[in-house]
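One structure is given here, and the rest of the page talks about it.
The first residue in the sequence is number 1, and the count goes up from there.
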Amino acid sequence: MSNYIIYIVLAAIVALVAGVVLGRLLAGKARQDHEAQAQARAQQLLQEAEAQANRTRDERIQQSKDKFRQLKNEFEQESKRQKQALEQELTERRATVLEQEQSIKRLTETTQKQLEQLQRKEQDLETLREKLQTDAQQQRERLESQEEKRRISLETQQAKLQQKEHDLDARIHDVQHQLETIANLSAAEAREQLVESLKNEAQIQASSYIKDVVAQAKLSATKDAKKVVLETIQRTAAEHAIENCVSIFNIESDDVKGKIIGREGRNIRALEAATGVEIIVDDTPEAIIISGFDPVRREVARLSLHLLVKDGRIHPARIEEIVAKTRKNIDEEIVEIGERTIIDLGIHGLHPELIKMVGRMRFRSSYGQNLLQHSREVANLCATMAAELGLNVKHAKRAGLLHDIGKVSTEEPELPHAILGMELAKKYKEHPDVINAIGAHHDEIEMTAMVSPLVQACDAISGSRPGARREMMESYIKRLKQLEETAVSFDGVLQCYAIQAGRELRVMVNADNVTDDRAQELSYEISQKIEKEMQYPGQIKITVIREMRAVAYAK
């Protein structure tokens, strides 16, 4: 029984081992078959992948070739367009350059012609100057010859007069002896009567003689100076601009005033803060007043208001933008005005800062006279006088233009404008003669240049012309009153009236106390007192009027 069990167990083990071995054999064969199939499938998939990759590669290559051909065509077309545009631009530039070359050529020819004309004019002026000098020398020689002849004639006449005086003394001695015999009077008594009778006649003759001598002396002493000054004034025609401290901005309707004021006044406050002037909006119809002592600021405010009203958008940000833009435009205009002025006057080599200051003169006034017009006039006057006197015309004209440059300096130190202008001229390397003329035109420094007195004289001529400047009302009335009081202080004067803005003084005298000869003396004495005690522009004419009235009554 036990053996049977053992056999069964052994059989089972053998069967199990055989089954395991057979299973492994079958599994190995199945695995080999599966591996063969897998290898075949993998080989097929690999071939398909290679075929697909080849097709994809061919497609990509073809697409790349197509894209390359497209990009190449586009690049060629763009290159062609750029080449055409470049050729067109080069053609236009070439045409512009040719036109500029032609313009420069024409300008060069014009400049050459102008230079030739200037050279001819300079030659003509030099010839004229030499001729004038020759004529003056000949005139001087003729005058000296005439003076010598007159002196010889006077000596001859004096000798004759002495002889006649000697004969007259002898005759008088004989007549005196006869008169003493006839009239029973001594020579001393007769002399007293004669002196008393001739005293009034001698006074009248002496007054007339003094008047003639003074007039002749003044005429002889100032003849040449008057000639130069009068010719200079006649040859210079200048306009005078009278300016004040306010500008008027006209508007189409009063509705605009509300926009300018803004909500709670914010617009007008922003405008005043940005421009530095005072904007007055009152009941004046269709007008706004701009008040300020700086003309440049007033002009900036006026132009800014014009742009704001035209645009219609008025608010603080827009105001600041417009004011900044306008101020920039005004600065450019100032430079342009300065450049145009020096071109008109023919002045070259002026420093840019001085050119800018010359432009600022356009917006500055002195006693109501526009400073730029005044300086231009002084420059022309100086040039004319310098040409007449044979001095350096360029230095005279330059000094005349820059003599008031200190009035427009932005530094504003505590210095007179003449000294400040002189310092500015030194700073910007002006000629020493020009520097001295600027500093000495109000006698702050000593005159060392020949053109310095010309600048001073021309400044006085330009400022003292009738209507050139305004005087303060108080000083004007005070001067007229002082004129009348000066004339009334003389004996025999009844009334006195200052007329023609103080340029003529009419004096009424008492006909009973003042004779005709005394009236002539009185006009001379009044003029001398006015010259000594008063300061005034130009000259004052004194007219003494003596009226004799005969009154009778019919009863």
Side-chain angles (χ1 to χ4, degrees), residues 5-109 270 274 303-304 307-333 335-336 339 352:
I5 294 171
I6 292 171
Y7 290 150
I8 294 174
V9 171
L10 290 173
I13 291 171
V14 170
L16 180 60
V17 172
V20 169
V21 171
L22 182 62
R24 287 184 175 180
L25 292 174
L26 291 174
K29 186 178 181 180
R31 186 169 58 253
Q32 290 177 354
D33 294 339
H34 183 70
E35 289 177 354
Q37 292 178 359
Q39 288 179 355
R41 181 62 180 171
Q43 187 68 27
Q44 183 180 1
L45 290 175
L46 182 61
Q47 292 177 356
E48 291 178 355
E50 288 179 355
Q52 183 66 28
N54 290 331
R55 287 194 300 272
T56 303
R57 183 187 60 189
D58 295 337
E59 291 177 358
R60 294 293 184 185
I61 291 172
Q62 187 65 33
Q63 290 177 358
S64 299
K65 290 181 178 179
D66 295 338
K67 185 65 174 178
F68 175 75
R69 284 193 296 270
Q70 182 180 359
L71 292 175
K72 181 179 179 182
N73 293 331
E74 291 178 355
F75 177 75
E76 290 177 351
Q77 293 177 359
E78 183 66 23
S79 300
K80 186 177 181 181
R81 286 195 300 270
Q82 290 180 357
K83 184 177 181 181
Q84 292 176 353
L86 183 60
E87 290 178 352
Q88 183 177 1
E89 184 178 358
L90 288 175
T91 303
E92 292 176 355
R93 288 187 178 182
R94 190 179 294 108
T96 304
V97 170
L98 291 175
E99 183 178 357
Q100 290 179 353
E101 288 179 354
Q102 294 176 358
S103 176
I104 291 172
K105 185 177 180 181
R106 290 194 299 270
L107 181 61
T108 304
E109 293 176 354
L303 294 177
S304 300
L307 294 176
L308 288 170
V309 170
K310 183 178 180 181
D311 184 42
R313 296 176 295 170
I314 304 177
H315 52 81
R318 181 65 175 169
I319 288 172
E320 293 178 357
E321 178 183 354
I322 292 295
V323 169
K325 182 179 179 181
T326 305
R327 186 175 286 113
K328 181 179 179 181
N329 293 336
I330 289 292
D331 291 338
E332 294 176 354
E333 183 181 357
V335 176
E336 183 180 354
E339 292 176 348

Separation of Ile322 CD1 from Lys310 NZ (nearest 0.5 Å): 11.0 Å
Check against side chain to side chain contact (heavy atoms under 4.5 Å, CB included), Lys65 and Arg69: CA-CA 6 Å; Lys65 290 181 178 179; Arg69 284 193 296 270; 3.7 Å; yes
Contact summary for Ser304 and Thr326, nearest pair of heavy atoms: OG-OG1, 3.3 Å
side-chain contact (heavy atoms from CB on, under 4.5 Å) partners for Arg93, two or more places apart: Glu89
Point-to-point distance, once rounded to the nearest 0.5 Å, from CZ of Phe75 to NZ of Lys80: 14.5 Å
Donor-acceptor pairs are to be reported for all side-chain atoms of residues 51-61 against protein atoms at under 3.5 Å, with residues two or more places apart or in another chain.
residue: Gln52; atom: OE1; partner: Arg55; partner atom: NH2; Å: 2.3
residue: Asn54; atom: OD1; partner: Arg57; partner atom: NH2; Å: 3.4
residue: Asn54; atom: ND2; partner: Glu50; partner atom: O; Å: 3.0
residue: Thr56; atom: OG1; partner: Gln52; partner atom: O; Å: 2.8

Between OG1 on residue Thr91 and CZ on residue Arg94, distance to nearest 0.5 Å: 5.5 Å
Side chain to side chain contact (heavy atoms under 4.5 Å, CB included) evaluation trace for Lys83 with Leu86: CA-CA 5 Å; Lys83 184 177 181 181; Leu86 183 60; 5.7 Å; no
Evaluation steps, salt bridge (Lys or Arg N to Asp or Glu O under 4.0 Å), between Glu109 and Arg106: CA-CA 5 Å; Glu109 293 176 354; Arg106 290 194 299 270; over 6 Å; no
Steps toward side chain to side chain contact (heavy atoms under 4.5 Å, CB included) verdict (Lys72, Glu76): CA-CA 6 Å; Lys72 181 179 179 182; Glu76 290 177 351; 3.3 Å; yes
Enumerate, atom names and distances included, each donor-acceptor pair closer than 3.5 Å involving a side-chain atom of residues 95-102, sequence neighbours excluded.
residue: Thr96; atom: OG1; partner: Glu92; partner atom: O; Å: 2.9

Stepwise side chain to side chain contact (heavy atoms under 4.5 Å, CB included) test for Glu48 and Gln44: CA-CA 6 Å; Glu48 291 178 355; Gln44 183 180 1; 3.5 Å; yes
Straight-line distance of Asn329 CG to Leu307 CG, nearest 0.5 Å: 8.0 Å
Electrostatic pair Arg81:Glu78 at N-O distance under 4.0 angstrom: yes
Non-hydrogen atoms of Leu308 and Ile314 that approach each other most closely: O-CG1, 3.8 Å
